[in-house]
Amino acid sequence: MKEFEGRTAVVTGATKGIGRAIALDLFASGFNVVLTARTATDLETVESELRDSDSDKVMGLAADVRDPGACERVVEETLDRFGGLDVLVNNAGVGVFAPIHEMDLEDWQVQIDTNLNGVFYLSKAAVPALKASRDAWIINIGSLAGRNPFSGGAAYNATKFGLLGMSEAMMLDLRHEGIRVSLVMPGSVDTGFGGSSEGEKKGWALTPWDVSRAVMDLLRYPGNAHASRVELRPSQPPRKK
């Protein structure tokens with residue numbers, strides 16, 4: 001039997017980069033995995049990868065975390081299919097980078113709605129189900145941009161600073177409800193996030209699998225221990241000139 005056989009996880013933004021790596025690692029370790037993303041065709045690609053191994057342990061749901069109703073539906077369909085929920089990984093995120101005076105209102109709003117409101121909507125919807133689990137987790141994927149502002153990052157920094165505060169308050173709210181809340185904060189990751197070319201940083205940046213390993217390590221902590229925040233950095237980034 002695999003390590004986490006019989007347990008169920010929901011992963012948002014599960015079709016690319018960090019989310020995809022987390023979903024594949026959870027599945028490989030025995031979890032039933034519910035994949036969510038906005039684009040159904042992207043979901044089908046990842047879903048088919050996993051279904052080649054075991055079609056009964058994976059479900060893809062097209063859902064936009066900016067919609068509270070869609071978040072409630074994800075939890076309802078997860079419970080209908082698998083009978084419970086043990087782990088929620090809030091990974092969905094967007095980044096649009098521009099100076100504050102050049103930032104479009106729409107670009108500002110989509111980041112707030114996805115990176116911050118979406119975590120709130122889905123976490124709130126999931127709490128009743130998680131409380132019924134014997135070992136429940138909410139793991140939020142943040143960023144070192146939640147501690148380190150940068151030029152052009154006004155909207156993105158705002159969401160990630162906010163996610164840090166929200167995650168730590170959630171941890172205090174839920175730890176006596178049997179739910180551990182942790183925030184994983186990676187630095188530069190070799191993905192196409194924010195419009196960069198995937199692979200352009202390889203050789204020094206973190207990989208999505210590095211971030212996924214941090215998630216899996218958290219899930220292996222015994223019940224009396226809780227790493228509430230994990231900061232990940234490339235071990236040898238380029239020297240600043």
Side-chain angles (χ1 to χ4, degrees), residues 2 4-96 110-111 113-126 129-130 137-142 184 186 189-199 207-209 211-213 215-216 219:
K2 294 180 180 179
F4 294 107
E5 197 73 33
R7 300 185 66 199
T8 299
V10 169
V11 182
T12 69
T15 60
K16 299 176 183 177
I18 292 170
R20 177 180 174 276
I22 293 170
L24 267 60
D25 276 348
L26 288 168
F27 183 82
S29 63
F31 274 94
N32 305 316
V33 180
V34 178
L35 314 161
T36 81
R38 286 183 296 169
T39 307
T41 53
D42 290 343
L43 274 171
E44 290 167 5
T45 300
V46 180
E47 197 176 357
S48 65
E49 286 184 70
L50 301 182
R51 281 189 165 166
D52 286 343
S53 301
D54 192 338
S55 62
D56 293 332
K57 293 175 65 64
V58 59
M59 177 171 66
L61 293 174
D64 189 339
V65 297
R66 297 175 295 177
D67 178 357
C71 292
E72 292 172 0
R73 179 175 58 82
V74 166
V75 175
E76 290 168 0
E77 295 197 26
T78 297
L79 297 179
D80 287 345
R81 174 70 177 271
F82 296 115
L85 175 61
D86 304 284
V87 175
L88 169 62
V89 181
N90 286 306
N91 167 75
V94 296
V96 182
V110 73
Q111 292 176 88
D113 287 343
T114 304
N115 301 354
L116 203 54
N117 291 346
V119 175
F120 170 74
Y121 297 147
L122 190 49
S123 297
K124 181 175 173 60
L130 290 168
W137 287 86
I138 296 174
I139 299 178
N140 297 330
I141 307 301
V184 178
V189 183
D190 184 19
T191 70
F193 182 78
S196 62
S197 299
E198 186 162 359
T207 71
W209 303 102
V211 184
S212 180
R213 178 170 180 170
V215 171
M216 299 307 300
L219 297 177

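Below, each value reflects all heavy atoms present in this structure, side chains not excepted, and no hydrogens, waters or symmetry copies.
Residue Asn90 holds its CG atom at 4.5 Å from CG of Asn140, rounded to the nearest 0.5 Å. Distance check, rounded to the nearest 0.5 Å: CG of Leu43 to CE of Met59 gives 11.0 Å. One distance of note links CG of Asp190 with CH2 of Trp209; it measures 13.0 Å at 0.5 Å rounding. Summarising the geometry, atom NZ belonging to Lys16 is positioned 10.5 Å from atom OG1 belonging to Thr191; distances are rounded to the nearest 0.5 Å. Atoms CD1 and OG1, on Ile18 and Thr207 in that order, are 9.0 Å from each other to the nearest 0.5 Å. Thr45 OG1 to Arg20 CZ: the interatomic distance, rounded to the nearest 0.5 Å, is 9.5 Å.
A donor-acceptor pair is defined here as one N or O able to donate and one able to accept, closer than 3.5 Å; no such pair exists between the side chain of Glu47 and the backbone of Leu35. Not one N or O on the side chain of Ser123 forms a donor-acceptor pair closer than 3.5 Å with the backbone of Phe120. Between the Thr36 side chain and the Ala63 main chain, no donor and acceptor come within less than 3.5 Å of each other. Although no hydrogens or angles enter the test, the distance criterion places no donor-acceptor pair under 3.5 Å between the side chain of Ser212 and the main chain of Pro208. Side-chain atoms of Asp64 do not come within 3.5 Å of backbone N or O of Arg38 as any donor-acceptor pair.
The two residues Thr15 and Ala37 come nearest to each other via the heavy atoms CG2-CB, 3.6 Å. Contact detail for Val211 and Pro186: the closest heavy-atom pair is CG2-CB, 3.9 Å. Contact detail for Val58 and Phe82: the closest heavy-atom pair is N-CZ, 4.1 Å. Closest approach of Leu85 to Ala126, counting heavy atoms only: CD2-CB, 3.8 Å.
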Salt bridge (Lys or Arg N to Asp or Glu O under 4.0 Å) between Arg73 and Glu77: does it pass, once the steps are laid out? CA-CA 6 Å; Arg73 179 175 58 82; Glu77 295 197 26; 3.4 Å; yes
Trace of the side chain to side chain contact (heavy atoms under 4.5 Å, CB included) decision for Lys2 with Arg7: CA-CA 11 Å; Lys2 294 180 180 179; Arg7 300 185 66 199; over 6 Å; no
Pair Val34, Leu61 - check side chain to side chain contact (heavy atoms under 4.5 Å, CB included), show working. CA-CA 7 Å; Val34 178; Leu61 293 174; 3.8 Å; yes
Please assess Phe31 against Asp25 for the test side chain to side chain contact (heavy atoms under 4.5 Å, CB included), listing each intermediate value before the final yes or no. CA-CA 9 Å; Phe31 274 94; Asp25 276 348; over 6 Å; no
Walk me through whether Leu24 and Val33 qualify under side chain to side chain contact (heavy atoms under 4.5 Å, CB included). CA-CA 9 Å; Leu24 267 60; Val33 180; over 6 Å; no
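In this structure, the side chains of Leu26 and Phe4 stay at 4.5 Å or more apart for every pair of heavy atoms. No side-chain heavy atom of Lys57 sits under 4.5 Å from any side-chain heavy atom of Leu50. A 4.5 Å side-chain heavy-atom check between Val74 and Thr12 finds every atom pair outside the cut-off. With contacts defined as side-chain heavy-atom distances shorter than 4.5 Å, the pair Cys71/Val65 qualifies.
The side-chain hydrogen bond (donor to acceptor under 3.5 Å, both in side chains) test with Asn32 is passed by exactly one of Asp86, Asp56, Thr8: Thr8. Partner Val215 forms a side-chain contact (heavy atoms from CB on, under 4.5 Å) with one of Asn91, Val11, Ile22 and no other, that one being Ile22.
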